[in-house]
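Below is one structure; the comments refer to it alone.
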Amino acid sequence: MRYTKEKRRRMRKRAMRRMFWRSTISLFGILILLLTWNLTSCALRYLSPHDGRRQEDTADEKENREEDFGADAVKTAAGTKDLLLVNKTHPLDSSWKPNLTRIREYGVDVDSSIADHLREMLAAGEKEGLSFWIASAYRSTERQRELLDEDIETLVRQGYSYSEAYEEVVKETMPVGCSEHATGLAVDIVSKNYQILDEKQGRTDEIIWLQNHCSQYGFILRYPKDKEDITKVSYESWHFRYVGVEAAEEIMGRGITLEEYLDSEE
């Protein structure tokens with residue numbers, strides 16, 4: 001009789017263990033399904049344009065959009081006063097909302113009005129044997145604030161006061177609301193083989209080519225050397241801004257800044 005009870009006890013234990021493992025396996029199966037679904041959803045959102053539109057518009061939709069907004073997001077005819085200026089004394093209007101398009105090969109977003117021009121420019125350089133990388137393109141005001149705070153904190157740890165650190169940082173990192181990156185019309189382009197944003201970047205073959213050819217595609221070197229007193233930004237050999245071919249060729253041809261170009265047109 002004792003043996004029978006012991007045997008039944010062991011049978012109950014085995015049954016409970018089977019139930020436990022079956023429940024555990026089922027739970028893991030559910031978790032794996034949920035994880036797979038979440039990863040798939042994230043991938044689809046990442047690969048889709050940020051404004052939620054289909055990847056490719058129909059020809060009619062593209063034509064209608066160009067009729068409404070024009071082929072470019074900025075006016076570029078000589079004499080215009082509508083060319084967007086964003087700097088430390090002209091912060092971006094808070095109502096500005098870029099129509100973002102993802103440049104998938106570089107993993108960045110730009111305003112849709114400049115995407116084709118940017119691709120065309122980089123493709124032309126690559127045909128010359130060059131290799132580019134887009135270090136930065138569209139940047140939200142929230143991200144700009146994070147970068148500013150990080151740079152200030154670094155200097156404060158080095159012994160600067162907050163005000164001293166702020167004044168030093170904004171020589172290169174724009175204050176919140178004053179960065180062209182928030183427009184979607186500016187990109188930081190570097191040599192793929194040398195991606196550090198420093199003085200040496202300006203001596204790479206890629207940057208030299210861009211500075212000589214960017215105007216053909218509607219871009220300008222936004223913060224040129226020896227123009228810091230006008231732009232209030234240190235020389236950035238890698239920062240290019242789309243303004244349209246006509247304005248770009250005049251700006252680069254005359255060796256002036258966007259500020260000087262707009263002043264001369266008033």
Side-chain angles (χ1 to χ4, degrees), residues 66 69-90 92 98 103 110-137 171-172 174 178-181 183-191 197-266:
E66 291 184 351
F69 304 103
D72 297 324
V74 292
K75 305 277 179 62
T76 58
T80 183
K81 296 181 181 179
D82 297 325
L83 189 58
L84 184 64
L85 176 65
V86 178
N87 59 25
K88 292 177 182 177
T89 57
H90 294 79
L92 185 65
I103 307 296
V110 298
D111 191 88
S112 60
S113 64
I114 79 167
D116 290 342
H117 305 288
L118 179 60
R119 288 191 180 102
E120 185 181 357
M121 179 172 69
L122 297 183
E126 288 172 354
K127 288 181 180 178
E128 300 293 328
L130 303 172
S131 183
F132 304 100
W133 188 252
I134 300 178
S136 183
K171 292 178 182 178
E172 296 184 358
M174 281 294 192
C178 301
S179 172
E180 285 195 326
H181 285 289
T183 69
L185 303 172
V187 286
D188 291 342
I189 307 175
V190 297
S191 169
L197 304 181
D198 63 5
E199 184 179 338
K200 185 178 176 181
Q201 186 63 235
R203 298 194 294 271
T204 63
D205 292 338
E206 284 76 10
I207 294 300
I208 292 172
W209 185 90
L210 284 171
Q211 292 188 10
N212 288 331
H213 297 85
C214 64
S215 63
Q216 300 171 20
Y217 305 92
F219 289 86
I220 61 171
L221 178 65
R222 181 64 180 90
Y223 306 119
K225 190 179 295 184
D226 301 325
K227 293 287 187 177
E228 290 87 350
D229 59 325
I230 297 172
T231 63
K232 307 304 179 185
V233 178
S234 301
Y235 171 51
E236 293 189 358
S237 64
W238 53 83
H239 185 106
F240 296 88
R241 158 70 191 277
Y242 184 78
V243 295
V245 173
E246 187 174 349
E249 289 185 340
E250 183 172 350
I251 290 170
M252 295 301 291
R254 292 172 55 190
I256 60 176
T257 65
L258 178 58
E259 284 86 355
E260 290 173 299
Y261 173 77
L262 292 175
D263 286 343
S264 67
E265 295 299 317
E266 289 182 353

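Each residue takes its place number in the sequence, starting with 1.
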- Query: Which heavy atom of A137 sits nearest a heavy atom of V187, and at what distance?
  - Reply: CB-CG1, 3.9 Å
- Query: What do the steps show when you test F240 against Q211 for side-chain contact (heavy atoms from CB on, under 4.5 Å), and what is the final call?
  - Reply: CA-CA 9 Å; F240 296 88; Q211 292 188 10; 4.1 Å; yes
- In this structure, CD1 of I256 is separated from OG of S264 (nearest 0.5 Å) by 5.0 Å
- Message: Nearest 0.5 angstrom please: E126 CD to E206 CD, how far?
- Response: 9.5 Å
- S191 versus D205: any side-chain heavy-atom pair under 4.5 Å? no
- Could you tell me if the ring centre of F219 sits under 6.0 Å from that of H117? no
- For the residue pair H181 and D188, establish whether any side-chain heavy-atom pair is separated by less than 4.5 Å. yes
- Message: For a 4.5 angstrom cut-off between non-hydrogen side-chain atoms, does E260 reach K227?
- Response: yes
- Message: Apply side-chain contact (heavy atoms from CB on, under 4.5 Å) to residues R241 and L84 and explain how you reach the verdict.
- Response: CA-CA 11 Å; R241 158 70 191 277; L84 184 64; 3.7 Å; yes
- Query: So does E259 pair up with R222, basic N to acidic O under 4.0 Å?
  - Reply: yes
- Could you tell me whether the side chain of R119 reaches within less than 4.5 Å of the side chain of I103, counting heavy atoms only? yes
- Indicate the atoms forming the closest heavy-atom contact of L83 with A247, along with that distance. CD2-CB, 4.4 Å
- Considering only heavy atoms from C-beta outward, does the side chain of L185 approach that of S113 to under 4.5 Å? yes
- Query: When you measure from the side chain of H213 to the backbone N and O of W209, does any donor-acceptor pair fall under 3.5 Å?
  - Reply: yes
- How about K200: does its NZ atom have over 12 heavy atoms from other parts shown lying under 6.0 Å from it? no
- Message: Nearest 0.5 angstrom please: W238 CH2 to I207 CD1, how far?
- Response: 9.0 Å
- Query: Less than 6.0 Å separating the ring centroids of Y223 and H239?
  - Reply: yes
- Are any non-hydrogen side-chain atoms of T257 and I251 less than 4.5 angstrom apart? no
- Approximate separation, where rounding is to 0.5 Å, of M174 CE and L92 CG: 12.0 Å
- Query: Would a distance-only check, ignoring hydrogens and angles, find a side-chain to backbone donor-acceptor pair under 3.5 Å from S237 to G202?
  - Reply: yes
- Message: Could you measure the distance from the OH atom of Y217 to the CG atom of D116? Nearest 0.5 Å is fine.
- Response: 13.5 Å
- Message: Which heavy atom of A248 sits nearest to which heavy atom of V243, and what is that distance?
- Response: N-CG2, 3.6 Å
- Query: Would a 4.5 Å heavy-atom cut-off, applied to side chains only, mark E120 and L118 as touching?
  - Reply: no
- Message: Regarding E250 and R254, does a basic nitrogen lie under 4.0 Å from an acidic carboxylate oxygen?
- Response: yes
- Message: Checking E180 against T183: is there a side-chain donor and acceptor pair closer than 3.5 Å?
- Response: no
- Task: Please tell me if the side chains of I134 and L122 come closer than 4.5 Å, counting only heavy atoms from C-beta onward.
- Result: yes
- Task: Working to the nearest 0.5 Å, report the span between SG of C178 and CG of N87.
- Result: 7.5 Å
- From CA spacing to verdict: side-chain contact (heavy atoms from CB on, under 4.5 Å), C214, M121: CA-CA 7 Å; C214 64; M121 179 172 69; 3.9 Å; yes
- Kindly indicate, with the supporting measurements, whether the criterion side-chain contact (heavy atoms from CB on, under 4.5 Å) is fulfilled by I189 and W133. CA-CA 6 Å; I189 307 175; W133 188 252; over 6 Å; no
- Item | Backbone N/O of D226 and side chain of E228: donor-acceptor pair under 3.5 Å | yes
